Amino acid sequence: MPELVFFSGTMDCGKSTLALQIEHNRSARGLQGMIFTRDDRAGEGKLSSRLGLVTDAVEAAEGFDFYAYLVAHLSQGNRADYVIVDEAQFLAGEQIDQLARVVDDLELDVFAFGITTDFRSKLFPGSQRLVELADRVEVLQVEALCWCGARATHNARTIGGEMVVEGAQVVVGDVNQAPDEVGYEVLCRRHHRRRTTAAAAHAAALSPDVLPVDPSLGDSVSRPSSRS
């Protein structure tokens, strides 16, 4: 039976790479897919991975109707065996409903990829609706890591290396941006709560007050005894 599958995870955990891998595997078996994306880092109408892989896609802008587009595509004698949708967190709830209808009425598998929560740890509308409607929700097993080495579970928005918690929900950016640009960093829950980015942690480590020591205690440090 066709399924609506939501592949979720933080930034930098390989969602777009997996989308491209699914496309490669299925097309190698003679199947033809339709690829959609929204606000990809590589620009309009592109699905790209941080590994450097990129392919053309249909830009699903605000107001785009997936069901109507695919019905028109098939009615013109074109073929579609499955659907891939990247950056699905940016979609509206009604667009996710359209994807569910594609599965149920057109009997096509739909593979959606996206971040679950925004930089404030709030659900994106598209992701929320996917969790509500998907036949399966798959959390990617390639774990992104926080700067501390723990599993990264949250996405932080940064400006100048400092975490910010206010602003529009959707601001296109990426990890490893220039310091003065809006960027993103993946953090564990502890450091997201404390707003401790890698830059902030490095600054704290360089502080002369990290390990305060009373100079008067210098002579009291134990030394090896000279007695036999």
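The shown structure was predicted, so the numbers you read here are calculated from the model rather than taken from an experiment.
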Taking the side chain as C-beta and beyond, is there a heavy-atom pair between Met34 and Tyr69 under 4.5 Å? yes
Can you tell me how far CG of Asn155 sits from CD1 of Ile115, rounded to the nearest 0.5 angstrom? 5.0 Å
So how far is it from Glu138 CD to Lys15 NZ, rounded to the nearest 0.5 Å? 14.5 Å
Return each pair, listed once, that meets salt bridge (charged side-chain N to carboxylate O under 4.0 Å, His left out) where at least one residue sits in residues 59-83; pairs must be two or more places apart or across chains. Arg79-Asp81
Identify the residue among Leu91, Asp104, Leu70 that makes a side-chain contact (heavy atoms from CB on, under 4.5 Å) with Leu99. Leu91
Considering all heavy atoms, the nearest Ala152-Cys146 contact: CB-N, 3.6 Å
pair Val85-Val83: side-chain heavy atoms closer than 4.5 Å: yes
Side-chain touch Phe111/Arg26, heavy atoms, less than 4.5 angstrom: yes
Is Glu162 atom CD crowded by more than 12 heavy atoms from other residues, nucleotides or ligands, each under 6.0 Å away? no
In this structure, which one of Leu108, Asp109, Val103 forms a side-chain contact (heavy atoms from CB on, under 4.5 Å) with Glu3? Asp109
Is there a side-chain contact between Lys46 and Thr55 (heavy atoms, below 4.5 Å)? no
Looking only at heavy atoms, the pair that brings Ile96 and Gly126 closest together is CG1-O, 3.6 Å
Which heavy atom of Ala88 sits nearest to which heavy atom of Leu130, and what is that distance? CB-CD1, 3.8 Å
For Met163 and Arg195 the tightest heavy-atom approach is SD-CA, 3.5 Å
CG of Leu133 to CG of Asp97: how many Å apart, nearest 0.5 Å? 5.5 Å
Does Ile35 belong to the same Ile/Leu/Val/Met/Phe/Trp/Tyr cluster as Leu20, with side-chain heavy atoms less than 4.5 Å apart forming each link? yes
Separation between CD1 of Ile84 and CZ of Phe7, rounded to the nearest 0.5 Å: 9.0 Å
Check: Glu23 side chain, Gly33 main-chain N or O, donor-acceptor pair, under 3.5 Å: no
Any side-chain heavy atom of His191 sitting closer than 4.5 Å to one from Glu185? no
Is there a donor-acceptor contact under 3.5 Å linking the side chains of Glu87 and Gln89? yes
Taking all non-hydrogen atoms of both residues into account, name the closest pair between Tyr82 and Leu31 and its distance. CE2-CB, 3.8 Å
His73 backbone acceptor or donor facing Asn78 side chain under 3.5 Å: yes
Which label fits His192 and His154: parallel for a plane angle under 30°, tilted from 30 to 60°, or perpendicular past 60°? tilted
Check whether the side chains of Glu94 and Gln98 place a donor and an acceptor atom closer than 3.5 Å, and report yes or no. no
CD1 of Ile22 to OG1 of Thr17, rounded to nearest 0.5 Å, is 11.5 Å
Are Phe66 and Val71 connected in a single hydrophobic cluster, I mean Ile/Leu/Val/Met/Phe/Trp/Tyr linked by side-chain heavy atoms less than 4.5 Å apart? yes
So, the side chain of Asp86 versus the backbone of Ser16: is there a donor-acceptor pair under 3.5 Å, distance only? no
Within the 4.5 Å heavy-atom criterion, are Trp147 and Thr197 side-chain neighbours or not? no
With sequence neighbours excluded, residues passing salt bridge (Lys or Arg N to Asp or Glu O under 4.0 Å) with Arg101: Asp105
Main chain of Val5, side chain of Asp135: is a donor-acceptor contact present, judged purely on distance under 3.5 Å? no
Output the distance between atom OG1 (Thr117) and atom CZ (Phe124), rounded to the nearest 0.5 Å. 7.5 Å
Hydrophobic cluster membership, with links at side-chain heavy-atom distances under 4.5 Å among I/L/V/M/F/W/Y: are Leu53 and Val58 in one? no
Verify same cluster id: Tyr67, Phe6 (apolar side-chain graph, 4.5 Å): yes
Quick one, Ser127 and Ser8 - any side-chain contact, counting heavy atoms below 4.5 Å? no
Please report the shortest heavy-atom distance between Phe64 and Phe36, naming the atom on each side. CZ-CE2, 3.6 Å
So Thr158 and Phe119, do their side chains get closer than 4.5 Å, heavy atoms only? no
